[in-house]
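Have a look at the structure below, then the notes.
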Amino acid sequence: MRVVTVEEHFHHPEAIARVWELSGPPPTPPDAGFGEFLQRFSPDRESAERLDGPRLEHMDQVGIDVQVVSHGANSPSALDHPEAVDLCRKVNDDLAEQISRHPDRFRGFATIPLHDPEAAAGEFRRCVTELGFVGALIAGTCGGRFLDDPRFDPVLAAAAEVDLPIYIHPGMPPHGVTQAYYAGDWSTAAQFMFAGPAFGWHAEAGIHVLRLILSGAFDRHPGLKVLSGHWAEVLGFWLDRLDETFAWVGNLVRPVSAYYRDHVWVTPSGMYNQHQLDFVVGAVGADRIIHSEDFPYVVRDNVSTFLQEADLTEDQRHAIGHGNAEALLRI
Ligand code: GRE
Ligand code: ZN
């Protein structure tokens, strides 16, 4: 079975270095063990930066035919600074160049500079029309603002116009949120994990999709489609509750779950767990699930065997493994 995975990342080292410089020092100085933790946690450079070598070997080993690649952590997409515009362009040009060496194995999602929404919309269109990219990926908030902020309407309009999705990927929460919710009597490494990949940024990414629904973004842009990783970033497990509670408010044209099922595609991001798969198939349907690994942060040996062995019908298996991605991304 052909396998297409859609939450797969690369690093552009110069862009990341500049994002670090322009973001300034962290608000809380890290404790002694943090540097060593980050080294252990960071993927090896060649796997992260290159779309060949160890990455291709891994894809061959675990049965991935096509990775749809986007920039990973420290993306200039979330950088709240005018230089984000140039940095995103560099990231996209480098990604396109690397894809062009293995066009049958890789496709790309655009990195768009949310600091300047008009430029972000323009870069999204350029990436689709000139570089052949198949969507865009954003990594959390920019300046603490979510995509439902009216300033981002040009970005949502561009996505609807090109008829390709925006991947609502997590990003580190704003400092005030981290202080209030994730700081405590534990190490900086534990705080980072709590605020980020363990839980916090998933809750935030779920909130991000819910904010789009509550804002009426999908009423204003009926063609808008989004991708949500990590088995729907908690939100997918809450649809009945959201329908019931927001019905009391009467603020939405349709139930939350109706927007969700029409506009959101969900991916596992390497969380290969049959219980979660079962739940999400029931909640949103197998025609809304697309496979993913979250390389190079998550590296699994069962990317395709998980699907092969999962309790699914053959139609569902093929839909999740490749058919839904092919239809949504026109690949
Ligand atoms: C992710 O993309 O989900 C991710 C990162 C950085 C660290 C861990 C992780 O971007 O899962
Ligand atoms: Zn990811």
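Order of listing sets the numbers, starting from 1, for every ligand and every atom in it. Only this structure's heavy atoms are used, side chains among them; waters, hydrogens and symmetry mates stay out.
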Verify salt bridge (charged side-chain N to carboxylate O under 4.0 Å, His left out) between E14 and K90, making sure each step is shown before the conclusion.
CA-CA 9 Å; E14 293 104 84; K90 279 193 188 133; over 6 Å; no

With distance as the sole criterion, is a donor-acceptor pair present between the side chains of H322 and H291 under 3.5 Å?
no

Is the shortest side-chain heavy-atom distance between F10 and S70 below 4.5 Å?
no

Nearest heavy-atom pair of A159 and L224: which atoms, and what distance?
CB-CD1, 3.8 Å

Within 45° of the axis and under 6.0 Å from the centre of the six-membered ring of F295, does NZ or CZ of R55 qualify?
no

Using a strict cut-off of under 4.0 Å between a residue heavy atom and any atom of ligand 1, list the qualifying protein residues by chain and number.
E7, H9, F41, A73, H169, P197, W201, H230, D294, Y297

Please test R254 against D219 for salt bridge (charged side-chain N to carboxylate O under 4.0 Å, His left out), starting from the C-alpha separation and ending with a verdict.
CA-CA 10 Å; R254 305 160 66 210; D219 296 314; 5.7 Å; no

So, are R211 and D149 salt-bridged, with charged N and O less than 4.0 Å apart?
no

Can you find a heavy atom in the side chain of V6 that is under 4.5 Å from one in the side chain of W265?
no

List-wise, which protein N, O or S atoms are found short of 2.8 Å from the Zn ion (ligand 2)?
E7 OE2, H9 NE2, H169 NE2, D294 OD1

Just by distance, no angles: are the side chains of H221 and E161 close enough, under 3.5 Å, to form a donor-acceptor pair?
no

